[in-house]
Amino acid sequence: MSQETSTLPKLGAAIDEHLLKTVGVPANEASSTDLMQAVALVAREQLAERWVETQKANRADKARRVYYLSMEFLIGRSMSNALAALGITDAAAAGVSEHAHKLEQITDREPDAALGNGGLGRLAACFLDSMATLGLPSFGYGIRYEYGMFAQDIMGGCQIEYPDPWLADGTPWEFPRPDISTSVRFGGWVEHVGEKAVWRPAGEVVAKAYDMVIPGHGTKKVSTLRLWKAVAPAHLDLAAFNTGDYGRAAAVKNEFENISWVLYPNDSTPAGRELRLRQEYFFVAASIYDIIQRHLAEHGTLDNLSDKVVIHLNDTHPAISVAELMRVLCDEHGLPWAKAWALCKQTFSYTNHTLMPEALETWPVGLMQHVLPRHLEIIFRINAEFLAEAEKFRPGDPGFLSRLSLIDEAGERRVRMANLSIVGSHKVNGVSALHSNLLVETIFSDFAALWPDRFTNMTNGVTPRRWLSTANPGLANLLDKHIGSGWRINLDELKKIEPLREDAAFRASFTAVKRENKARLAALIEKTTGVKVNPASLFDVQVKRIHEYKRQLLNVLQVVRRYQAILANPHAEWVPRVTIFAGKAASSYVTAKSIIRLIHDIGAVINNDPRIGDKLKLVFIPNYSVSVAEVIMPGADLSEQVSTAGTEASGTGNMKLALNGALTIGTDDGANIEIRENVGDDNIFIFGLRTPEVQALKRGGYQPMRYYESNPSLKAVLDAISGGQFSPSEPGRYRPLIDSLLWGGDHYMLLADYQSYIEAHDKVDTLFLQPDEWAKKAITNVANMGVFSSDRTIAQYADEIWGIPVSR
Ligand code: 26V
């Protein structure tokens, strides 16, 4: 590692001391888990110091702070990142080598903190890393779920979900803050005394703060991730306890504490359950309380709230914040409504992460009345004033008003959380250029007509510390050697390797690094699936949540076509390929689970067909997670980003893969478009319909059967799957899946893009047979990924939305 501060001699002693005094084992008997604890404790001490210093400095500055509210933070492991940020990686490696351990054996003992589903949660984690690195005075606020994202196992090709008790053995990375807690209230009714509203809640739960310190890189600044745990108020179960009824006492306690038990493992449909609404309000109420407390302690007035406090809503999950801040300002601090509303709007901003209309969160008015009666009143008042303003803008258009309304009046009345977020914020952004344009053209067009300046774009990014420096030490070292180490905090410096694409020696080193990473990935594949793959093959990777719109099924069709083509022409010069999938399906998402099973069924046939050998392998790596991704990304040759144009808001896996030297085969969708613009058309494989073409075909009446009837290769593929070739024990198993394409309208237009996709894959093969040309394009990809650093994204948020200057 470069940039090491020299603590080499002392760290071994510090580790031994923690083994003895904190972990409680003699140093010479320490297991790798004990060592993991001890090394983490050494890092923790330094993180604590940095945290104290950062808070002191921000308090002294009376800094404007950004508060990033998110239901999900998909952190993954903390150890390697913390050691790198503290500049003690080598010292720690030397320290554990005294115990005959490699650092990797130690870091592998740490469970992932999987407090998120997918892209949205991982983005929040990358953002914290960048906020710390840019020295932004910042807090992330979320929930300390006892159980994170479920663990995925595969049995007989089917996904099985297991709980993820990541805290079972405790975590060295959290700092409990016993002094920081607040009561969060629910239910009851509202009394109106003259002008004043008094909420008489029916119950309360205590929110306790646990901090994780997020270290910046190349700075001693840190950010704080403050997570709230729900605890039953001490007095509540006393009665039952005193009468010796421990069963009831436990039940009462659980009823409160279940709020922070488990992450909702669903990114397919918004959860409609009361517990989810309680989770949302729970962490919002605790966070707003904490924010206001800090502000009052520092400034003694709320008049300057929006000058000093920026609250960012990561999707609509924390949208109830808008009503909560109004309640706190008006009901608890006595501000007049109009003044509170002006502060509120200036304080909030909101990011949308999906265009899928079915994904927009709404809550039944009845449920909201039951759980948050005062907030519902506030929402009604915000709505009445907002609709009066909108009516002036476009008089006599009831359709306009009913689309804008915070309340959906069709059927069961529901509160629209996206509308609340837009009305309560001064800025709203999408996560790629295409997505942001589509927001104002489609789902938010009425709001954009009213407030065109409110809408903007912030294209996503990823942190190069985790996704290049830590995940890919081979490539990181090569970069350090040729362009120095500054790319870690200024990713634009990668541009300096572009000329080296013409340097044969550099290409050879670059290819050798890739080959090592592929060997590491091949070992993971063999360990987790039992399938041996040849690292000389083209590693073709699609890793992400399993969703129809992401079109893993299109990739599967391509694999079956290849299988059939190899069998038909076994002596042709086939490029050996390994198609690699990983990803979780929401537990209730039947079609997504069927796609996982199909991948396994087809893999079982292909991988055991002696006529195929190394020409084609199909594997599914179970339990996709941040730490698994850190092995997959560096080992990929080809990155599959094949969503129907106009459906993937941005994608961030596309960025991680290209940053690690994979070429993209993708549609004109999300951030793929910006990746193409940056790496150049010649260095990416773009195929398929573009968004306007998708829209036009939908309007003109899309007929999937036409493609089936006119394309013999496509017909052969669909017939093989539908006819049971890959599920002989149950030939009808995939009939519904294929019927949904042929007869069910093929909602995501796989058949329309099939031929173009096959042709793009043929181009991939041709290029792979010219390793020098392939390497040049891969190097060009890495060289042009600078703009996809989350540092750039966060600097842009800070500048254009949050109004916090970044000093760099
Ligand atoms: C997706 C879908 C799609 C199908 C129907 C319902 C539904 C509901 C929720 C979602 C996921 C929403 C949240 C999310 O993870 N979005 C992802 O955010 C990433 C970070 O901005 C972005 O890169 C991904 O494109 C986007 O899917």
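All values below were derived from every heavy atom in this structure, side-chain atoms included, with hydrogens, water molecules and symmetry-related copies excluded. In each ligand, atom 1 is the first atom listed, and ligand 1 is the first ligand listed.
Side-chain polar atoms of T459 and E674 form a donor-acceptor pair below 3.5 angstrom. The closest side-chain donor-acceptor pair between W228 and S287 falls under 3.5 angstrom.
Between R416 and D408 a salt bridge is recorded (basic side-chain N to carboxylate O distance below 4.0 Å). A salt bridge does not link R792 to D492: none of the charged side-chain nitrogens sits closer than 4.0 Å to a carboxylate oxygen. The pair D129-R465 meets the salt-bridge criterion, since a charged nitrogen lies less than 4.0 angstrom from a carboxylate oxygen.
Among all non-hydrogen protein atoms, the one lying nearest atom 17 (C) of ligand 1 is H353 O, 3.7 Å. Counting only heavy atoms of the protein, atom 23 (O) of ligand 1 lies nearest to G651 N, 2.8 Å. Taking atom 9 (C) of ligand 1 as the reference point, the nearest protein heavy-atom neighbour is D267 O, 2.9 Å.
Of the candidates T354, L120, N654, it is L120 that places a heavy atom closest to atom 15 (O) of ligand 1.
On a distance-only criterion, V431 and ligand 1 share no N/O pair closer than 3.5 Å. For the pair K550 and ligand 1, the shortest N or O to N or O distance does not fall below 3.5 Å. For ligand 1, the polar-atom distance check finds no N/O of H547 at less than 3.5 Å from any of the ligand's N/O atoms.
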